[in-house]
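These notes are about the structure you will find just below.
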Amino acid sequence: MVGELQRSVGKNIRRIRLARGISQEALGAVVGLHRTYIGSVERGERNITLQTLEGMAELLGVAAMELLDDDTSAQPGATPST
């Protein structure tokens with residue numbers, strides 16, 4: 001489905017950001033983006049570059065691959081079971 005990964009990444013960023021107690025403004029300041037842009041990313045309305053994804057992951061304290069995971073049941077920082 002077109003845009004599914006985009007929406008999944010946005011949901012993961014929001015879920016982890018909230019769990020870490022980080023505001024959209026603080027996240028945006030670190031990666032050089034406005035808070036309204038962060039909000040649109042979280043809603044799956046915008047694509048982001050891999051460089052921005054890596055910056056967000058670093059600030060959130062997770063591996064960039066965790067933001068790409070489409071398993072919405074995963075907890076921040078959790079290791080997927082096999």
Side-chain angles (χ1 to χ4, degrees):
M1 190 181 289
V2 175
E4 237 357 85
L5 180 59
Q6 187 173 309
R7 283 188 288 277
S8 182
V9 167
K11 286 178 186 178
N12 288 335
I13 290 169
R14 179 174 171 79
R15 174 180 50 82
I16 297 168
R17 178 183 61 75
L18 290 174
R20 301 279 194 270
I22 300 170
S23 70
Q24 288 179 340
E25 189 171 16
L27 180 60
V30 171
V31 295
L33 300 169
H34 194 271
R35 66 171 177 76
T36 57
Y37 187 91
I38 299 296
S40 63
V41 167
E42 291 182 349
R43 290 188 300 275
E45 297 169 354
R46 294 190 184 256
N47 285 316
I48 59 173
T49 66
L50 293 176
Q51 185 176 13
T52 300
L53 181 90
E54 288 176 329
M56 288 183 180
E58 185 176 335
L59 176 67
L60 294 171
V62 298
M65 292 302 291
E66 187 171 336
L67 297 179
L68 296 170
D69 189 358
D70 66 354
D71 181 9
T72 57
S73 66
Q75 295 300 311
T79 305
S81 59
T82 53

Let me confirm one number: the CD-CD1 distance from Q24 to I13, rounded to the nearest 0.5 Å.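 Here the rounded value is 10.5 Å.
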If you measure from CZ on R20 to CZ on R15, what distance do you get to the nearest 0.5 Å? 9.0 Å
Residue pairs meeting salt bridge (charged side-chain N to carboxylate O under 4.0 Å, His left out), one or both in residues 40-53, sequence neighbours left out, come to R14-E42, R17-E42, R43-E45
Identify every side-chain donor-acceptor pair in residues 25-36 under 3.5 Å, counting partners at least two apart or on other chains, and give the distances.
from : atom 1 : to  : atom 2 : distance (Å)
H34  : ND1    : T36 : N      : 3.1
H34  : ND1    : T36 : OG1    : 2.9

Specify the closest pair of heavy atoms between [X] and [Y], including all atoms of both residues, with the distance to one decimal.
| X | Y | answer |
| --- | --- | --- |
| A57 | A63 | CB-C, 4.0 Å |
| V41 | I48 | CG2-CG2, 3.3 Å |
| Y37 | N47 | OH-O, 3.1 Å |
| G44 | Q6 | O-NE2, 2.7 Å |

Transitively linked via ILVMFWY side-chain contacts under 4.5 Å: L18 with M56? no
Are any of the side-chain heavy atoms of E66 and L60 separated by less than 4.5 Å? no
Are L5 and D70 packed together at the side-chain level, in the sense that at least one heavy-atom pair is separated by less than 4.5 angstrom? no
So, the side chain of S8 versus the backbone of L68: is there a donor-acceptor pair under 3.5 Å, distance only? no
